[in-house]
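Each chain gets a letter, A, B and so on, in the order the sequences are listed, and its residues count up from 1.
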Protein chains: 2
Amino acid sequence: MSSTIKVLLAEDQSMVREALAALLGLEDDIEVVAQVARGDEVLPTAQQHDIDVALLDIEMPGCTGIEAAAQLHKALPAVKLVVLTTFGRPGYLRSAMEAGADAFLVKDAPAAQLAEAVRKVLAGERVIDPTLAAAALAEGANPLTDREREVLRAAADGSTNAELAAALHLSQGTVRNYLSTAIQKLAVRNRAEAVRIAREKGWL
Amino acid sequence: MSSTIKVLLAEDQSMVREALAALLGLEDDIEVVAQVARGDEVLPTAQQHDIDVALLDIEMPGCTGIEAAAQLHKALPAVKLVVLTTFGRPGYLRSAMEAGADAFLVKDAPAAQLAEAVRKVLAGERVIDPTLAAAALAEGANPLTDREREVLRAAADGSTNAELAAALHLSQGTVRNYLSTAIQKLAVRNRAEAVRIAREKGWL
DNA sequence: AGACCCGCATGACAGATGTCATGGGCAGAG
DNA sequence: CTCTGCCCATGACATCTGTCATGCGGGTCT
């Protein structure tokens with residue numbers, strides 16, 4: 001708490017990452033002491049930098065920002081976690097909170113909220129968009145089982161049942177059964193819609 | 001060329017937009033004189049600001065940065081156009097060039113290239129990632145006809161043939177024929193894959 | 001132990017989807 | 001003017017997909 005707040009910034013797109021660093025650099029009390037472009041570099045980098053706050057994008061190669069948040073929360077519980085994302089998907093918010101995040105920001109919020117969120121989490125506050133929180137609560141938890149999610153995720157690229165069966169070591173009939181139950185749970189008509197809806201909700 | 005380069009910045013996500021503005025603000029010779037969050041605000045805003053360069057994100061509500069580029073190119077041909085995008089899709093590059101863009105940057109390029117590109121286009125140079133340019137040339141032009149693209153785009157959300165036929169005022173058989181030819185042109189097995197491939201190439 | 005949910009499977013059926021042959025109308029290129 | 005390509009349509013066919021009934025084994029909760 002002495003002089004400046006030390007921040008680790010994780011975001012895969014260099015231009016965005018460095019731009020966010022420039023933005024935070026304008027604040028006198030905040031200093032970006034490390035930057036990474038991959039989810040799986042977050043924990044190792046955090047361990048050798050003595051940081052106060054980690055700013056994590058969700059969509060990253062290696063592992064997602066949410067998984068990185070969970071790792072940090074376990075290994076370095078003192079570090080505050082701010083999750084940043086392009087998509088305001090309620091399921092993401094829920095997962096982020098379960099992973100121990102202290103703040104959840106969407107990238108189309110005003111830039112001023114970023115520095116503000118960093119200061120607030122360090123003061124022990126939680127920062128969550130109330131509209132998104134309401135949406136997350138309203139739609140309930142992910143209704144899909146692990147297998148259903150797995151099959152749906154594999155089906156997302158347009159694979160045929162036979163390919164899915166081979167890839168997942170299941171019978172074709174089983175693949176169709178899982179997809180069928182997923183389709184019913186999501187109240188849609190076919191796998192393509194199921195994929196779309198599951199994505200929108202952050203359940204995929 | 002006098003004192004500073006005047007830039008219009010178009011990008012829908014506030015946080016990213018303001019961060020990019022902060023980044024450009026660090027350069028002594030560049031000044032962001034206007035910011036917009038929608039494609040259809042680009043031209044009107046540009047007309048009342050006397051700008052040198054427009055920095056356009058592709059994915060925006062209202063209209064795409066490529067459409068905005070085409071409008072600017074026609075109405076204010078002196079303004080240099082830098083197109084910025086998350087996705088390095090060859091088809092995007094091709095469309096951007098056809099719309100009169102002077103530079104094409106992907107967001108995972110180093111941040112330093114942004115200011116550099118702004119200066120270069122003003123000096124009359126073109127800035128294009130050579131790898132991407134090669135890819136764009138290698139894969140040729142979009143093989144899909146207008147109708148095929150239209151049907152494929154409409155099918156992307158998981159709509160059924162009947163819904164597509166109704167929405168596009170076509171018969172179901174015609175919808176299936178278009179999808180079938182699109183599927184063959186893209187050398188894939190079903191509409192879902194066709195959608196994915198067309199998206200990846202920037203042909204959708 | 002019994003009830004219950006999940007994972008996995010099969011078989012049968014209806015409906016959706018992809019392919020193919022075919023043909024008419026219309027525009028632009030040679 | 002003919003040729004070609006695109007747009008639109010139909011009908012028939014094979015295959016893929018989604019639904020449903022049913023069953024088995026394993027785990028968990030009471």
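Taking atom CG on B:Leu164 and atom P on D:dC7, their separation rounds to 16 Å, with Å as the unit. In this structure, the CG atom of B:Leu186 is 13 Å from the P atom of C:dG18, given to the nearest Å. For the pair A:Glu163 CD and D:dT15 P, the interatomic distance rounds to 17 Å; values are reported in whole Å. A straight line from CG of A:Asn190 to C1' of C:dT17 spans 11 Å, rounded to a whole angstrom. Atom CZ of A:Arg189 is separated from atom C1' of C:dT17 by 16 Å (rounded to the nearest Å). To the nearest angstrom, C1' of D:dG18 lies 9 Å from CD of A:Gln184.
Close to C:dT19, at under 4.0 Å from its OP1 or OP2, lies a side-chain N or O of B:Ser180. Close to D:dT19, at under 4.0 Å from its OP1 or OP2, lies no side-chain N or O of A:Arg176. For the pair B:Asn161 and C:dT17, the criterion of a side-chain N or O lying under 4.0 Å from OP1 or OP2 is met.
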Check nucleotides 5-8 of chain C against the protein and report each pair of N or O atoms closer than 3.5 Å, with its distance, or say if there are none.
unit_1 : atom_1 : unit_2   : atom_2 : d
C:dG7  : OP2    : A:Thr145 : OG1    : 3.1
C:dC8  : OP1    : A:Arg147 : NE     : 3.3
C:dC8  : OP1    : A:Arg147 : NH2    : 2.9
C:dC8  : OP2    : A:Arg147 : NE     : 2.2
C:dC8  : OP2    : A:Tyr178 : OH     : 3.3

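With respect to the salt-bridge test (charged N to carboxylate O, under 4.0 angstrom), the residues B:Glu150 and B:Arg153 do not qualify. A salt bridge links B:Glu27 to B:Arg119: at least one charged side-chain nitrogen sits closer than 4.0 Å to a carboxylate oxygen.
In terms of position along DNA chain C, the nucleotide closest to A:Gln172 lies nearer the 5' end than the nucleotide closest to the other residue of the pair B:Leu179 and A:Gln172.
Under the 4.5 Å side-chain criterion, counting only non-hydrogen atoms from C-beta, A:Ile58 is in contact with A:Tyr92.
Between the side chain of A:Arg89 and the backbone N or O of A:Arg199 there is at least one donor-acceptor pair closer than 3.5 Å.
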